[in-house]
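My questions will all concern the structure given below.
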Amino acid sequence: MTDTTSNVDWYGRPLGVLRLSLTARCNLACPYCCPDSRDPEGMLDLQDQLRLIRVACSLGVHTVRLTGGEPLLSDRLEPLLASIALDRPAGLEELALTTNGVLLSPERALRLKRAGLDRITISLDGADAASVARMAGLQGGTQAGQSLLDQVLVGLEAARSAGFNSSHGALKLNAVIQKGRNDDQLIPLARLARDRGLELRLIEYMDVGSRNGWSLAQVMPAMEMVQCVSSHWPLDPVGRSSNSTTSRWRYRDGAGHIGVISSISAPFCGDCNRIRVTADGQVFTCLFASQGVDLRPYLRASEPEVQLRECLAGLWTRRSDRFSEERRLRSGQEKPHAEMAYLGG
C-alpha cells in the first residue's frame, strides 16, 4: 500500500478528490458557464485517463468525479467506467458523475450503474419552463424550456430506477442561484426536490472564467438562501463535513436535507482537497486558477507512472491556493480565470 501521509500542501491539506473532465462541450449554453462548442486538441485517451486515476489514487485520492462540459456527450465515459471496473485502483472509494441529465435515459442510467458508477448529481437551475430556458441559454423560449425540464425530470427518475438511491446520497440535485435571474426559483426548486425525496444543493454564482460577466451584486449569499427556504419549511443546521463543499441543513418536518455551497460568502479553502484535470490534460489545484500544468508530457514519458506521480506530488506539496479566502484582498488585482466548462465546476 502506498504511503500518502506526506502528500499534503503548504496548509496541511491532503489530496482526496480528482475531478476529471471528459469534454469541454455541452448541449446547453448556461450563461454562468459559457461552454465551448468543440473540444480542445490533444484530448487524453483512455490509457491516459486510467493512468492518471491510478497515480492519483496512489497519492491519496479516494473519490473521482467525472465532469465536463457535459460528460454524457463523451464517448470516453462508458469505456472508462468499464476499464476501472476491471481493475479498480486501491483506495478508490467512490466514482461520481455530474451531468445536466438531458441524455440520461433509463437504459443509459442502468448501464452506468452496472459499470460501477456510485453517485450522480444532476444540475437544474429552475422549476418552470421560462426559468429553465433562461438559465440554460435556450433560444426556443418557454417551449424549449418545458422540453428541457421534462428531459431532466425523466433523467432524475431514470437514475433512481437504476438504483442510485437518493436517501443514501447517491442522487442529488444541484442549482446555481444568480440574483436577479433565478432567485425566484429557490422555493419552487426546494419544493421539487422535497416532493421527489432529493437533496437540493444551492450554489452561489461563482467568478469562474472570464466570459460570464460575473459581479458580486449577482451573488445571493448562501445564508440568504437558507433563510428563504427556512421561512417556508423550517431548517436546523447539520454543518459541513471536513473537506466537503457543502453545508447541510435538515428539514424540521423530516423531509430530508438541503445543502448550500458558499464559495463566495463563506469560502472553505482551509480544507479543500480537490484537484482538477481538463479533458486535454491540464491540471489545476484551484477552481479559480488562471493557468494549469500540462500533464501530457508526463503521461507519455518513458516511465509515465513514475514521472506523473512525481509531477502531481510536487504540484500538490507546493500548493498554496486560497483564492476564495483571499478574494477580498485581491480586489482590483484580478487575473483571468480558467473557464468553468474546462474545469467542470
Side-chain angles (χ1 to χ4, degrees), residues 1-4 7 15-25 39 42-99 101 103-122 155 158-165 168-171 273-283 295-313 344:
M1 182 178 294
T2 303
D3 177 18
T4 62
N7 296 316
L15 177 59
V17 177
L18 168 64
R19 296 184 63 107
L20 177 59
S21 294
L22 303 185
T23 177
R25 294 178 295 122
D39 277 318
M43 301 270 284
L44 299 187
D45 63 24
L46 178 61
Q47 292 309 311
D48 292 331
Q49 293 167 335
L50 291 169
R51 185 170 288 135
L52 171 62
I53 291 170
R54 283 196 302 270
V55 170
C57 288
S58 79
L59 293 170
V61 161
H62 52 73
T63 298
V64 174
R65 178 169 289 277
L66 304 174
T67 68
E70 171 47 52
L72 293 182
L73 286 174
S74 174
D75 58 7
R76 292 167 168 79
L77 173 58
E78 292 181 44
L80 177 60
L81 290 173
S83 297
I84 293 171
L86 286 174
D87 186 18
R88 192 155 174 138
L92 179 56
E93 299 171 6
E94 193 169 68
L95 265 173
L97 177 79
T98 298
T99 173
L103 301 175
L104 193 60
S105 65
E107 298 77 16
R108 193 158 198 197
L110 192 58
R111 291 202 308 269
L112 295 175
K113 183 65 176 175
R114 289 174 174 170
L117 189 68
D118 299 304
R119 284 200 295 135
I120 292 182
T121 300
I122 293 179
R160 192 195 306 275
S161 297
F164 293 96
N165 191 329
H168 295 160
L171 178 61
N273 66 346
R274 292 169 292 285
I275 199 167
R276 293 169 170 82
V277 178
T278 64
D280 62 342
Q282 310 301 309
V283 60
L295 295 180
R296 289 171 295 186
Y298 304 94
L299 284 163
R300 294 154 194 182
S302 57
E303 295 182 279
E305 298 211 2
V306 172
Q307 295 183 46
L308 179 62
R309 192 178 194 282
E310 289 176 355
C311 171
L312 288 177

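Owing to the predicted nature of the structure, the values given are computational and were not obtained by experimental measurement.
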Are the side chain of N165 and the backbone N or O of A170 linked by a donor-acceptor pair below 3.5 Å?
no
Stepwise side chain to side chain contact (heavy atoms under 4.5 Å, CB included) check, I53 with C57
CA-CA 6 Å; I53 291 170; C57 288; 4.2 Å; yes
Take atom CZ in F164; do more than 12 heavy atoms of anything else shown fall under 6.0 Å from it?
yes
Between atom SG of C311 and atom CG of L295, what is the distance when rounded to the nearest 0.5 Å?
5.5 Å
Might you work through the side chain to side chain contact (heavy atoms under 4.5 Å, CB included) test for E94 and H62, ending with a clear yes or no?
CA-CA 7 Å; E94 193 169 68; H62 52 73; over 6 Å; no
Is a side-chain N or O of R76 found less than 3.5 angstrom from the main chain of L44, in a donor-acceptor match?
yes
Test side chain to side chain contact (heavy atoms under 4.5 Å, CB included) applied to R274 and R276, step by step
CA-CA 7 Å; R274 292 169 292 285; R276 293 169 170 82; 4.1 Å; yes
Within the distance-only criterion (no hydrogens, no angle test), does the side chain of R108 pair as donor or acceptor with the backbone N or O of L72 below 3.5 angstrom?
yes
Would you compute the distance between atom CG of L117 and atom CG of L66 and round it to the nearest 0.5 angstrom?
7.0 Å
If I take atom CG from residue L18 and atom CD1 from residue I275, how far apart are they, to the nearest 0.5 angstrom?
7.0 Å
Hey, are the side chains of D48 and R300 touching, using non-hydrogen atoms and a 4.5 Å cut-off?
yes
Hey, does T121 have a side-chain heavy atom less than 4.5 Å from the side chain of R65?
yes
Determine whether R111 and E78 make a side-chain contact, defined as any pair of heavy atoms from C-beta on separated by less than 4.5 Å.
yes
One should read off an interatomic distance between S74 OG and D39 CG, to the nearest 0.5 angstrom, of 7.5 Å
Is there side-chain contact between I84 and P89, with heavy atoms separated by less than 4.5 Å?
yes
In the structure I gave you, are the side-chain heavy atoms of L171 and I122 within less than 4.5 Å of one another anywhere?
yes
With a 4.5 Å heavy-atom cut-off, do L312 and L15 have their side chains touching?
no
T67-S21 side chain donor-acceptor pair, cut-off 3.5 Å:
yes
d(Y298 OH, R309 CZ) to nearest 0.5 Å is 15.5 Å
Output, in order, the C-alpha distance, side-chain angles, deciding distance and verdict of side chain to side chain contact (heavy atoms under 4.5 Å, CB included) for T98 and R19.
CA-CA 10 Å; T98 298; R19 296 184 63 107; 4.3 Å; yes
Using a strict threshold of under 4.0 Å (side-chain N to carboxylate O), is an ion pair present between D87 and R51?
no
For T99 and G101, work out which heavy atoms get closest and say how close.
OG1-N, 2.9 Å
Is the shortest side-chain N to carboxylate O distance from E70 to R25 below 4.0 Å?
no
Judged by atom type as modelled, is there a donor-acceptor pair below 3.5 Å linking the side chain of D118 to the main-chain atoms of A96?
no
Nearest 0.5 Å, please: how far is CG in L80 from CD in Q49?
5.0 Å
So, do V17 and V61 sit near enough that their side-chain heavy atoms are less than 4.5 Å apart?
no
Under 3.5 Å: donor-acceptor pair, side chain of R88, backbone of L92
yes
May I ask you to test the L77-L97 pair for a side-chain heavy-atom distance under 4.5 Å?
yes
Looking only at heavy atoms, what is the nearest atom pair of Q307 and A301, with distance?
OE1-CB, 3.3 Å
